[in-house]
Amino acid sequence: MKELSLNLLDIAENSVRAGATRVEIDVFDLKKEDVVSLEIRDNGCGMSPEFLASVTDPFTTTRTTRRVGLGLPLLKMEAEQAEGGFEIESEVGKGTRTKAWFKRSNIDMPPLGDLSGSMITLIQGSPEIDFIYRRRTDAGEFTLSIPEVREELGGISVGEPEILVWLGEFLAENEAEIEYK
Amino acid sequence: MAKSIAELKAIREKMQGQMNMRVDSDDSIRVVVGMATCGIAAGARPVLAAIVDEVGKRNLTNVKVSQTGCIGVCRLEPIVEVFEPGKEKTTYVHMDAEKARKMVSEHLVNHRVVEEMTISAAE
C-alpha cells in the first residue's frame, strides 16, 4: 500500500464484514511524541483465539476466491519496518481492536495519504454503520460522528451522493485546520 | 472556519424539498466497484469517488453505486461492474478516475458501452 489511508480503508472493511454496527477509527499524527497510530475498534462478531493467532499470516483469509489474505500482514509489516508495532485483540461476540503504530521520523513511515477519501469510501459502502472517526495532531483534534450526522439528517441516508460530497468537504476543511504547516 | 455538522440541517431541508431520493426499483442500474485489498492497492478509491461525484452532480437517481470484495481477477483491478436490467453485465477493467467519469457519461447516461475499457478488450 502506498499510503496509510489505504490500509485504513482495507482494515476497516474487516469490521464491516464482521457485521459491526459501530466502528471507531482513531488516526493520530503526533510530532512531539514522534508517533503515528491507526486504531480501529468494532463491535462485530470477533474472532476465535485460534483464528486470531493466525490473522497476520498471509495464508489466512476469510475470502473464498482464493486462500491468501494480505490486509493485516501488510499493515503489520509496514509498521514494523518503520520501527513501530502492531497488535490485535478480539473476542467472539464482542468485537475486535486493531492497532498499528509507526515511528513518525522513520524513513519508512508511509505517507498518511487521503484519509478523508478513505472515510468517505467507507461511509459510502456502509451507510448503515455508525462510524466514529477521530483525528488528532499536535495542533488539535476533530471527530466525525455518523450517529450525530444521522440525527441532523432525519430520514435522509448518509450514503446519498450530495451528503457524501458535503462530508468530504467537512473532513477536508477540519483536516486543514489541524495539519502541520 | 471549517464546516460544522449543524449545517447539515439546511442540506436536509433542501433535499427533502427536491424529493429526489434514490429508490430501488426494477429499472435502476447497479454499479459495483471492487474494494478488496487488491482493488484498493490498484487505485479503486479514486475510481469510486469519481463515480459517486458524477452520479451526484448529474443527479442520476436511477443509479445505485455499491462496493464489493475481490472480484477474482486482481491483475485487472480496479474493476467496475455495471448491471443494467435485462442486459448482460459489463465489466470495466484497469479503471482510473478519468475512465470512470467517461463510463458514467457514456454508459450510464447515454447507454453506450465503452468497449475499449471492458474486460473483453483487455483479454
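Protein chains get the first letters and strands the later ones, always in sequence-line order, with residue 1 at the start of each. Keep in mind that this is a model prediction, so the values were computed, not measured. Hydrogens, waters and symmetry mates are skipped; everything else that's a heavy atom, side chains included, is used.
- For a residue to count as touching a neighbouring chain, one of its non-hydrogen atoms must lie under 4.5 Å from one of that chain's; by this rule B/L48 touches chain A with the side chain only.
- Using a 4.5 Å heavy-atom threshold, the side chains of A/V158 and A/Q124 count as separate.
- For B/A49, no part lies under 4.5 angstrom from a heavy atom of chain A.
- Residue B/T68: no heavy atom, backbone or side chain, is found under 4.5 Å from chain A.
- A cation-pi arrangement is present between B/R30 and B/F83, with the terminal nitrogen or guanidinium carbon under 6.0 Å from the aromatic centre and inside a 45° cone about the axis.
- For B/N62 and B/S28, the side-chain atoms include no donor-acceptor pair closer than 3.5 Å.
- Of the residues considered (A/I11, A/D114, A/L74), A/D114 shows the highest number of contacts with chain B, using heavy-atom pairs under 4.5 Å.
- For residues 169-181 of chain A, the interface with chain B (any heavy-atom pair closer than 4.5 Å) comprises A/E169, A/F170, A/E173, A/N174, A/E177, sorted by residue number.
- Neither the backbone nor the side chain of B/V33 has a heavy atom closer than 4.5 Å to any heavy atom of chain A.
- Using a 3.5 Å distance cut-off with no hydrogens or angles, the side chains of A/T143 and A/S145 do not pair a donor with an acceptor.
- Donor-acceptor pairing under 3.5 Å is lacking for the side chains of A/D108 and A/Q81.
- A/S118 touches chain B through backbone and side chain together, each having a heavy atom under 4.5 Å away.
- Judged as a ring-ring contact (aromatic ring centres under 6.0 Å, His included), the pairs with a partner in residues 91-112 of chain B (not counting sequence neighbours) are, in order, B/Y92-B/H107.
- Only the side chain of A/V165 comes within less than 4.5 Å of a heavy atom of chain B; its backbone N, CA, C and O stay farther away.
- Comparing B/R45, B/Q67, B/K9 by how many heavy-atom pairs each has under 4.5 Å with chain A, the most go to B/R45.
- Side-chain contact between A/W101 and A/F28 is absent, with no heavy atoms from C-beta onward closer than 4.5 Å.
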